[in-house]
Amino acid sequence: MLLEGKRIAIFNVANKRSIAWAIAKAMDAQGAELVLGYQNERTKDAVQGLAQELTKMPAAVVPCDVAFPEQIEALQETVGESVGTIHGLVHSLAYAPKNCLHHPFLFTEREDFLTTLEISTYSLVALARVFTPLFAHEASVITLTYLGSEKVLPNYNVMGVAKAALEASVRYLAHDLGPAGVRVNAISAGPINTVAARGISGFLDMLDLHQKKAPLGRNVEAREVADAAVFLASDLASGITGEVIHVDTGYHIVGV
Ligand code: NAD
Ligand code: 0WE
């Protein structure tokens with residue numbers, strides 16, 4: 001029981017394929033008490049349904065659309081009232097307007113660029129800040145990133161720029177929160193067939209290529225990403241902060 005006695009808030013679960021849900025199940029199995037976030041009414045019922053599957057009832061299931069600052073601020077009270085202090089924050093959400101993932105990066109409109117970085121990057125900073133008063137000593141903040149931040153991957157486009165900024169934000173947040181004992185890290189996951197991924201044209205070809213090229217000769221499973229999140233949230237990772245851990249069956253190390 002690596003997370004016994006720890007209370008961890010996870011944003012956001014959409015459905016059973018969400019990486020956030022895989023993380024919730026893995027953390028629940030290690031004894032954590034969870035707060036689960038959902039974006040809006042479209043996903044509320046699904047998330048409340050999934051919550052029933054956990055061994056421990058979540059302390060709270062809360063709305064969190066990061067486009068609305070007041071919803072982020074409200075979390076301080078709602079989460080504070082339901083669990084008091086927290087030992088972990090998992091940020092597993094991203095959004096770019098669909099057209100950005102189909103047209104060349106060169107054509108990214110100002111508004112779409114700003115939306116993508118607001119939702120996918122700034123939300124980590126905003127969430128880390130509202131939870132700062134609630135963080136226990138030795139709390140762990142975890143976010144999800146992708147190789148498209150380091151290398152050009154066709155169609156990932158402005159999301160790659162947002163993930164590069166997200167990884168830099170991890171380092172600056174690790175610096176700011178380190179004195180309070182709070183660690184901040186990212187997991188760079190290989191491609192996983194979630195709702196956020198399957199809408200992308202050519203995604204299945206990407207999965208195929210990834211499997212062929214990766215040292216482990218297969219694609220990564222959400223459960224493996226979740227296990228790395230359990231490790232980062234646990235005391236086993238007490239010396240790790242500001243880091244980006246690749247959980248991608250080794251794909252990122254291969255040149256050709
Ligand atoms: P998903 O669709 O299950 O999760 C995306 C989540 O983002 C959803 O819960 C959605 O509600 C939330 N979201 C979108 N806009 C939001 C907003 N305005 N406010 C609040 N929440 C919002 O897909 P996923 O693949 O589990 O994605 C989770 C994270 O993992 C993302 O950061 C994604 O970039 C990252 N990631 C995914 C893959 C992959 O291949 N699936 C690989 C590496 C990293
Ligand atoms: O981070 C992601 C995807 C995030 C995402 C997905 C969507 C689809 C629906 C962000 N915004 C939107 N907007 C929508 O309207 N991944 C790591 C998965 C992903 O996305 C890709 C990939 C991979 C892998 C896009 C192009 C190429 C590869």
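Ligands are counted one by one from 1 in listed order, and the atoms in each one are counted from 1 as well.
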J.: Report yes or no: does N12 contribute a side-chain atom to a donor-acceptor pair with the main-chain N or O of C64 at less than 3.5 Å?
T.: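 At least one qualifying donor-acceptor pair exists.
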J.: Give me each pair satisfying side chain to side chain donor-acceptor pair (under 3.5 Å) with a member in residues 49-59, each pair once, sequence neighbours excluded.
T.: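 Found D28-T55.
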J.: Counting only N and O atoms by type, is there a donor-acceptor contact under 3.5 Å from the side chain of R183 to the main-chain atoms of A237?
T.: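 Checked: pair present.
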J.: Does CD in E77 sit with more than 12 non-hydrogen atoms of other residues, nucleotides or ligands closer than 6.0 Å?
T.: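 No, the 6.0 Å shell around CD holds no more than 12 heavy atoms from other groups.
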J.: Just by modelled atom types, is the A136 backbone N or O under 3.5 Å from a matching donor or acceptor in the T85 side chain?
T.: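 Here the side-chain-to-backbone pair does not exist.
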J.: With heavy-atom distances below 4.0 Å as the criterion, list the atoms of ligand 1 near G190.
T.: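 In order of numbering, the contacting atoms are 40 (O), 42 (C).
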J.: Which option out of V90, I19, I72 puts a heavy atom nearest to atom 38 (C) of ligand 1?
T.: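 It is I19 whose heavy atom sits nearest to atom 38 (C) of ligand 1.
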J.: With a 4.5 Å cut-off on side-chain heavy atoms, are D248 and Y146 touching?
T.: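 Counting from C-beta outward, Y146 and D248 never come under 4.5 Å.
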J.: Does a side-chain heavy-atom distance below 4.5 Å link I23 with I10?
T.: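 Touching, per the 4.5 Å side-chain cut-off.
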J.: Taking non-hydrogen atoms only, is V13 closer than 4.0 angstrom to ligand 1 via side chain, backbone, both or neither?
T.: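 Just the backbone.
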J.: Starting from atom 10 (C) of ligand 1, which protein heavy atom do you reach first, and at what distance in Å?
T.: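 Minimum-distance protein heavy atom for atom 10 (C) of ligand 1 reads Q39 OE1, 3.5 Å.
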J.: For ligand 1, find out whether one of its N or O atoms is nearer than 3.5 Å to an N or O atom of Y95.
T.: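 No, since none of the N or O atoms of Y95 sits under 3.5 Å from an N or O of ligand 1.
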J.: Distances under 3.5 Å, N/O of ligand 2 against N/O of the protein: list each pair and its distance.
T.:
from     : atom 1 : to   : atom 2 : distance (Å)
ligand 2 : 1 (O)  : Y156 : OH     : 2.7
ligand 2 : 11 (N) : A96  : N      : 2.8
ligand 2 : 11 (N) : A96  : O      : 3.3
ligand 2 : 13 (N) : A96  : O      : 2.7

J.: Does any donor atom in the side chain of E109 or H103 lie under 3.5 Å from an acceptor atom in the other side chain?
T.: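 Looking only at side-chain atoms, H103 and E109 do not form any donor-acceptor pair under 3.5 Å.
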J.: What residue and heavy atom of the protein are closest to atom 9 (O) of ligand 1, and at what distance?
T.: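 Checked against all protein heavy atoms, atom 9 (O) of ligand 1 sits closest to N12 O, 3.0 Å.
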J.: Return the residue, atom name and 0.1 Å-rounded distance of the protein heavy atom closest to atom 23 (O) of ligand 1.
T.: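 The answer is A196 CB, 3.2 Å.
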J.: D65 heavy atoms, cut-off 4.0 Å: which ligand 1 atoms fall inside?
T.: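 Listed by number with element: 17 (C), 18 (N), 19 (N), 20 (C).
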J.: Pick whichever of I10, L93, I192 has a heavy atom sitting closest to atom 41 (N) of ligand 1.
T.: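 Among I10, L93, I192, the closest heavy atom to atom 41 (N) of ligand 1 belongs to I192.
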J.: Ligand 1 and Y146, any nitrogen or oxygen pair closer than 3.5 angstrom?
T.: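 Not met; the criterion fails.
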J.: Do any heavy atoms of S188 fall under 4.0 Å from ligand 1?
T.: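 Checking ligand 1 against S188, which is what was asked, there is no heavy-atom contact under 4.0 Å.
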J.: Between the side chains of D208 and K213, is the shortest nitrogen-to-carboxylate-oxygen separation below 4.0 Å, so that they form an ion pair?
T.: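 No, this pair does not count.
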J.: Just checking, is any N or O donor in the side chain of S123 or H91 under 3.5 Å from an acceptor N or O on the other one?
T.: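 Side chains of S123 and H91: pair found under 3.5 Å.
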J.: Give a yes/no on ligand 1: does K163 have at least one heavy atom closer than 4.0 angstrom to it?
T.: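 Contact check K163 vs ligand 1: positive.
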J.: If you measure from the Lys or Arg side-chain nitrogens to the Asp or Glu carboxylate oxygens, is any gap between E224 and R218 under 4.0 Å?
T.: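 The answer is yes: the pair qualifies as a salt bridge.
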J.: So between T194, D248, L207, whose heavy atom ends up nearest atom 25 (O) of ligand 1?
T.: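 Selected option, by shortest heavy-atom distance: T194.
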J.: Against heavy atoms of I119, which atoms of ligand 1 measure under 4.0 Å?
T.: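 Once the distances to I119 are compared, the set is 15 (N), 16 (C), 17 (C), 18 (N).
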J.: For ligand 1, which is the ligand I care about here, please tell me if M159 has any N or O atom under 3.5 Å from one of the ligand's N or O atoms.
T.: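 No, no N or O pair falls under 3.5 Å.
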J.: Which heavy atom of the protein is the closest neighbour of atom 19 (N) of ligand 1, given with residue, atom name and distance?
T.: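 For atom 19 (N) of ligand 1, the nearest protein heavy atom comes out as V66 N, 2.9 Å.
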J.: Under a 3.5 Å distance rule, please check whether R7 uses its side chain to pair with a backbone N or O of A32 as donor and acceptor.
T.: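 No, R7 side chain to A32 backbone: no donor-acceptor pair under 3.5 Å.
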J.: May I ask you to list the atoms of ligand 1 that are less than 4.0 angstrom from any heavy atom of A14?
T.: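 Reading through ligand 1 atom by atom, the close ones are 8 (C), 9 (O).
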J.: Are the side chains of F113 and R110 in touch, meaning some heavy atoms are under 4.5 Å apart?
T.: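 In short, these two side chains do not touch, never coming nearer than 4.5 Å.
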J.: Can you pull out the closest protein heavy atom to atom 35 (C) of ligand 1? Residue, atom name and distance to 0.1 Å, please.
T.: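 The answer is L144 CB, 3.7 Å.
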J.: Please check this pair: side chain of S149 against backbone of T145, looking for a donor-acceptor N/O pair closer than 3.5 Å.
T.: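 Flag not set: sc S149 to bb T145 has no pair under 3.5 Å.
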J.: Atoms of ligand 1 less than 4.0 Å from S92 heavy atoms?
T.: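 Heavy-atom distances to S92 below 4.0 Å select 6 (C), 28 (C), 29 (C).
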J.: Under a 4.5 Å side-chain heavy-atom rule over Ile, Leu, Val, Met, Phe, Trp and Tyr, are L89 and L232 clustered together?
T.: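 No, L89 and L232 fall in different hydrophobic clusters.
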J.: Among T43, N15, T145, whose heavy atom sits nearest atom 43 (C) of ligand 1?
T.: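 Considering heavy atoms of T43, N15, T145, the nearest to atom 43 (C) of ligand 1 sits in T145.
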J.: Between P191 and ligand 1, does any nitrogen or oxygen pair lie at a separation below 3.5 Å?
T.: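 No; the residue has no nitrogen or oxygen that sits under 3.5 Å from a nitrogen or oxygen of the ligand.
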J.: With a 4.5 Å cut-off on side-chain heavy atoms, are L36 and V62 touching?
T.: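 With C-beta onward as the side chain, the pair stays apart.
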J.: Considering only heavy atoms, which of A197, S18, G148, A96 lies nearest to atom 3 (O) of ligand 1?
T.: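 Heavy atom nearest to atom 3 (O) of ligand 1 belongs to S18.
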